[in-house]
Structures are given as structure tokens and as C-alpha cells.
Amino acid sequence: MKRILLLLPLYLFAVLPSSAQSWVDKAAKSVFTLKTFTADGTMIASSNGFYIGTDGEAVSSYTPFINAQRAVIIDAQGKEQPVEEILGANETYDVVKFRVAARKTLPLPIASTAANGTEVWLLPYAVKKTPACIKGTVTQAEVFQNTYQYYTLQLTAEENHISCPVLNGQGEVIGIIQPAASNQKETSYAVSARFAADLKITGLSMNESSLKKITMTKALPDTQDDALLALFLASSSMTDSQYSNYVERFIQKFPRLAEGYINRARIRTARKDFSGAEEDMEQALSVAENKEDTHYQYAQLIYQKEVYQHDQPYSGWSFDKAYQEAQEAYNINPQPVYRQQQAQIRYAQGQYAEAFNIYEELTHSDLRSADIFYAASMCKAQLKDTDQQIALLDSAVNMFSRPYVKTAAPYLLARAQALYNAGRYRPAVNDYNEYGELMAAQLNAPFYYQRELAEVGGHLYQQALNDIDKAIELSPSEPLYYAEKASLQVRVGKHQDAIATAQQLIRLSPDFSDGYLFLGLAQCLTDQKAEGIQNLTKAKDLGNEQAQALIDKYAK
């Protein structure tokens, strides 16, 4: 035992080279251990890492951060610091860059590269003592991404050395120790420390799979353009609480950008904090460079609140206030889109004639489109001007040429419905057919039912029978479709088929009076009057208003 104790100091001295004496003590203060945790405090993993900046910037392994809700580092003095935010990540090379709460940190200087044959030293983590450096040599430096190096080292690293720094003789870190790829313990691998240090969050980082797997707070990009793009993407990629926190940090970092206040106003509006949202929009107007767009956003916020939260009155906001904001935008920059917003507001107010006049004006502007014609047609529909409604839908459809593309489908469907409502059944069927060809993969039971109604109106009975069968196939538990089928079968003289369909309907929905109505009617038409009258009486007892007239007719 004494022999082992005497040899241990000699081992430490052997692995701590004299050339490193000038920097090893200082460098050791930059290395720490890292621990990550789930939301309930269960530890996920432990690794190492080191500082690369003076403001808490550090790097470590990426893997421990996957699904982590919280992380801490324990520095060389044994002091614990929480990880505040993620600054960048790369899953392929298993590195992450982050910031800890500590400030005035001591970073390791980063070397640009290291050539084959370079002597290097692995610097382990140690608490309040000089660590035992492990000597090695660069045996291969492979270039990736045209700039960085992935090193193969003749160096023995243990599992507890993962993410420790590898330094050259000048005390500059060249790489980060990676997990071993083989059982050859004397061979180790390290990824360029410069690569890890260059990681950053950009405007598109919200879509990176590596960052999506980390649920901890991510840093905002440093440039305004990137930050604005990230803010836009964050709204659809974060939970409500995460997004709210992100907006608050955006405002702190970019207090002169209106977009932060606009987005917070939307959040506050959703929470029914209308006075807070109003304050945010006024602040946005005070700092905005593009004031017309901010007035437009303000108008849109009020408009949506009045439409979707009309049961939550707020004295400062109204449709007229929204219209005023849209008018302010137009006064600053007379763009058609601001007039379109005014038309939408007037339509929501029920001022259909004024809304139509604006939409008609827009048909002669750069916004002339199928959507504008459709919006104008909706105004005419509310004004009960059916002929003008259909004429405007004609214009909407005519914005497309044959053969139609899918973008024409909504306007064909709208015209089909308008034609049906006007009693122009066969033209309606033509539009339903055009729509059906374009949207074949998305057609549902209500579509086939609606087209069947138009086909019945146009006396296209076989097509109608085919469509009602398709509706039943797609929605076999809907009683209405069986009732429609039985009615149609009676109309075309298929009385036995109508009896079978009505019986299906009764089994499906025994309290639905139409089943007994059509069963009774079909029986009366096939000389089964006693049974028919009995079923018509049952329909009457269930509240069917047509049953008595049929009883009177066939009971004679």
C-alpha cells in the first residue's frame, strides 16, 4: 500500500509537462462539470465543459441537453451556476454553446487549428486543485465545413473526460473531447473548439431539429433582421408561456423595435388585458419607423378583438376605432391593402353597401383578384342582390383560365352554392362537378349531399342517387342522408328500395320521424296502406308536420 501511495505523486508529475506550468493553473479555472435535469428535478446526464467568453459563454456536449428543462454547472471552485440560455447547438458533432448566470468568467483562448504531430494535453475538471493533464498527439486533422477540424488523437481519455478541453503547448484550446468510437482507449477524438465557439442562433434557428430537442430558453439572434424572423417563427413553434417569455426578452433586447410591443399586445389581447394591449400599441407607434404598418397592425388587432371577443367590451376599442387606425395607415401611405382592411371592418359592422363600394374600387387596383371579387359578392349577398352576387362570382372564377387549378376551387364552390340558392340547379351542378374534379381527394359526405340536392333540383336523378349513396358510404351514421335517399327513391318510383332505406333509417335512428314518414309513404304507394298509415301515424306522433297531409290523402 505504501508503494502505491509513493508512486501516485510521481504519476501526476509525469503527466503534467513542465511546458504547461505557465498556463495550467489558470486554464483549470475555466473548466467545469455540467448537470442537466428534467422538470421534476431528475438528473438526465452529467458532462464537462469550459468557458469561451468573459460573459458566461461556454461550450459542452449537446446530448445531455436533449429534453432538459434545467441545467447547472459547477465550476473549479465548487460554485454552482444555472445555465441561462442556449446560444447554439449542433447535434451531428454533439456540441452546444450556452450562457451561464456567472459574469466576468475566465475563458480559454481558442487556437485556430492544430497540425498533425502537434503535442496536446487534455485538461480534466478538478475542484480547488491543479488537475493532472494527460499528454497526447494529433495523429489526424480532418477538415469539415471547409473551415474546422475534427481531430484524431493518440491520447487516452476516460468516459468522465467527455467535453473536456484539449489544449496545445501555449494553453490554447484546440478541441473538445468526444465520446470514443471504438474500444481502442489509446485513441481519442475531439471536435474543433472554434466550431463550437462559432455556433449561433439565427433567424431560421427555430426550425433546426437540434434546437427543437432542447426545451430550455434559447437566446435571441443578435441582428435585428434575424431577431424579427425568429420572432415570427417562434409564434408557431413555442408553447404560449414560452412565446410570452420570448417576446418579453425580445422587447428587452430591442426596445426600439415596434414588433415586440405589437406581439405583446396580441398576447395581452388574448388574455383579455385590453388596456395593457392598448398601451403596447401606443408604445409601438411611438418607436415605429414604419408607422403606417403599425397603424395597420393596430387596426387588425382591434378588428379581431371585436369579431372574436365581442362579448368582452372595452370602451377604448370599437370597429370605428379600427377603421380610424386603418385610415391613418392609408393617409400616411395610400396603399390598397389599407383600403381592403377598411372594407373588412365595414363588412363586420354590417355596413355592406359601404364595404361593397370599397371592394368595387379595389377591383380597379393592384389588388384586383378573385378574392376581392368574392368579398364584393358577399356584400351583395347580404344586400339580397342575387344577380349581382352571381355576376361578381363569375368575375372571381374568370380570374382563372381553363383547365382550372386548385386555387380556383373555393370560388367555384361559392358560385355553385349561390346558383343553387337562386334555383339555377343545372349550372350549380356544373360548378360542383368542376370543384369535385379539382378536389377529388378531399371530398366529404356534405359535399356529395349538397351536390345531390342540386342534381335533384335539376332532375338529374341517377347522378343524385349516386351522390347520396356516396354520402352514406362516407358517413354511414348520419340519419339525414338515409332520409334524403328514401325521399329520392320515392320520387323516382323505386318504392321497394325506399322501404328498405327507410327501414335502415329506423334501425339507425328510431326516434327520427322521417324514417317512419318515408316508410309509410312507400308502403301506401305499394298497396300496403294499413301498414303505411300506421307508420305515418308514428311519424306524426314523433312531431313530423308532413305526416297528417299524407294520412288524409291515403286513408280515404
Side-chain angles (χ1 to χ4, degrees), residues 386 413-414 416-433 435-436 439-440 442-556:
T386 301
L413 185 62
Q417 190 60 52
L419 290 167
Y420 173 80
N421 292 339
R424 296 166 61 179
Y425 300 116
R426 291 208 170 196
V429 171
N430 291 336
D431 274 351
Y432 280 127
N433 290 342
Y435 176 86
M439 306 298 292
Q442 288 83 40
L443 299 181
N444 56 18
F447 167 80
Y448 287 105
Y449 171 67
Q450 185 59 52
R451 186 166 69 177
E452 182 265 352
L453 294 177
E455 288 163 341
V456 170
H459 306 293
L460 302 170
Y461 297 122
Q462 186 56 56
Q463 293 96 311
L465 284 168
N466 293 340
D467 274 348
I468 199 63
D469 279 340
K470 187 65 176 178
I472 291 172
E473 176 190 330
L474 293 173
S475 188
S477 61
E478 175 51 63
L480 176 63
Y481 300 153
Y482 292 91
E484 179 63 24
K485 181 178 179 179
S487 173
L488 178 56
Q489 288 169 328
V490 168
R491 182 189 291 249
V492 298
K494 294 187 174 185
H495 301 138
Q496 292 299 330
D497 291 343
I499 289 172
T501 301
Q503 289 171 336
Q504 281 183 285
L505 174 54
I506 291 169
R507 288 193 295 270
L508 176 66
S509 183
D511 294 329
F512 189 27
S513 67
D514 279 6
Y516 300 98
L517 180 78
F518 293 118
L519 176 58
L521 176 57
Q523 288 172 329
C524 288
L525 291 170
T526 53
D527 297 325
Q528 303 174 59
K529 286 190 177 182
E531 296 90 337
I533 295 301
Q534 185 178 356
N535 282 306
L536 288 172
T537 301
K538 177 68 171 175
K540 176 185 174 182
D541 292 343
L542 288 171
N544 194 293
E545 297 178 356
Q546 301 177 65
Q548 185 61 57
L550 293 173
I551 293 171
D552 294 342
K553 178 177 179 179
Y554 291 107
K556 296 177 181 179

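The heavy-atom pair separating E452 from A464 by the smallest distance is CG-O, 3.2 Å. Scanning all heavy atoms of the two residues, the minimum distance from L474 to A445 falls at CD1-N, 3.8 Å. The shortest non-hydrogen separation linking L505 to F512 is CD1-CD2, 3.7 Å. Between S513 and L542, the shortest heavy-atom distance links the atoms CB-CB, 3.7 Å. For the residue pair V490 and A498, the shortest heavy atom distance occurs at CG2-CB, 3.6 Å. Minimum interatomic distance between Y481 and I468 (heavy atoms only, all atoms of both residues): O-CG1, 3.6 Å.
Between L521 and Y554 there is a side-chain heavy-atom pair separated by less than 4.5 Å. Looking only at side-chain heavy atoms (C-beta outward), Q503 and I499 come within less than 4.5 Å of each other. Side-chain contact check for L413 versus Q417: every heavy-atom pair is 4.5 Å or farther apart. Counting heavy atoms from C-beta on, the side chains of L536 and C524 come closer than 4.5 Å. Contact check for K494 versus L465: side-chain heavy atoms found under the 4.5 Å cut-off. Using a 4.5 Å cut-off on side-chain heavy atoms (C-beta onward), N433 and R451 make contact.
In terms of modelled atom types and a separation under 3.5 Å, the side chain of S509 and the main chain of I506 share no donor-acceptor contact. Formation of a donor-acceptor pair under 3.5 Å by the T537 side chain with backbone atoms of I533 is found in this model. A donor-acceptor pair under 3.5 Å links the side-chain atoms of Y516 to the main chain of P510, judged by distance alone. Checked by atom type and distance alone, the side chain of Y482 pairs as donor or acceptor with a backbone atom of P476 at under 3.5 Å.
In this structure, a donor-acceptor pair under 3.5 Å is absent between the side chains of N535 and E531.
To the nearest 0.5 angstrom, D497 atom CG is 5.0 Å from Q489 atom CD. Atom CZ of F518 is separated from atom CG of L550 by 9.0 Å, given to the nearest 0.5 angstrom. Taking NZ of K553 as the start and CD of Q548 as the end, the distance is 14.5 Å to the nearest 0.5 Å. A distance of 5.0 Å separates CD1 of I472 from NZ of K485, quoted to the nearest 0.5 Å. Taking CD of Q504 as the start and CG of L519 as the end, the distance is 12.0 Å to the nearest 0.5 Å. Expressed to the nearest 0.5 Å, how far CG of L460 lies from CG of N466 amounts to 11.0 Å.
Using cut-offs of 30° and 60° on the angle between ring planes, the pair F447 and Y432 is perpendicular.
Within a 6.0 Å radius of CD in E545, other residues, nucleotides and ligands contribute 12 heavy atoms or fewer.
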Step by step, work out the side chain to side chain contact (heavy atoms under 4.5 Å, CB included) result for D469 and Y448. CA-CA 9 Å; D469 279 340; Y448 287 105; over 6 Å; no
Begin from the C-alpha positions of R491 and V456 and carry the test side chain to side chain contact (heavy atoms under 4.5 Å, CB included) through to its verdict. CA-CA 10 Å; R491 182 189 291 249; V456 170; 3.7 Å; yes
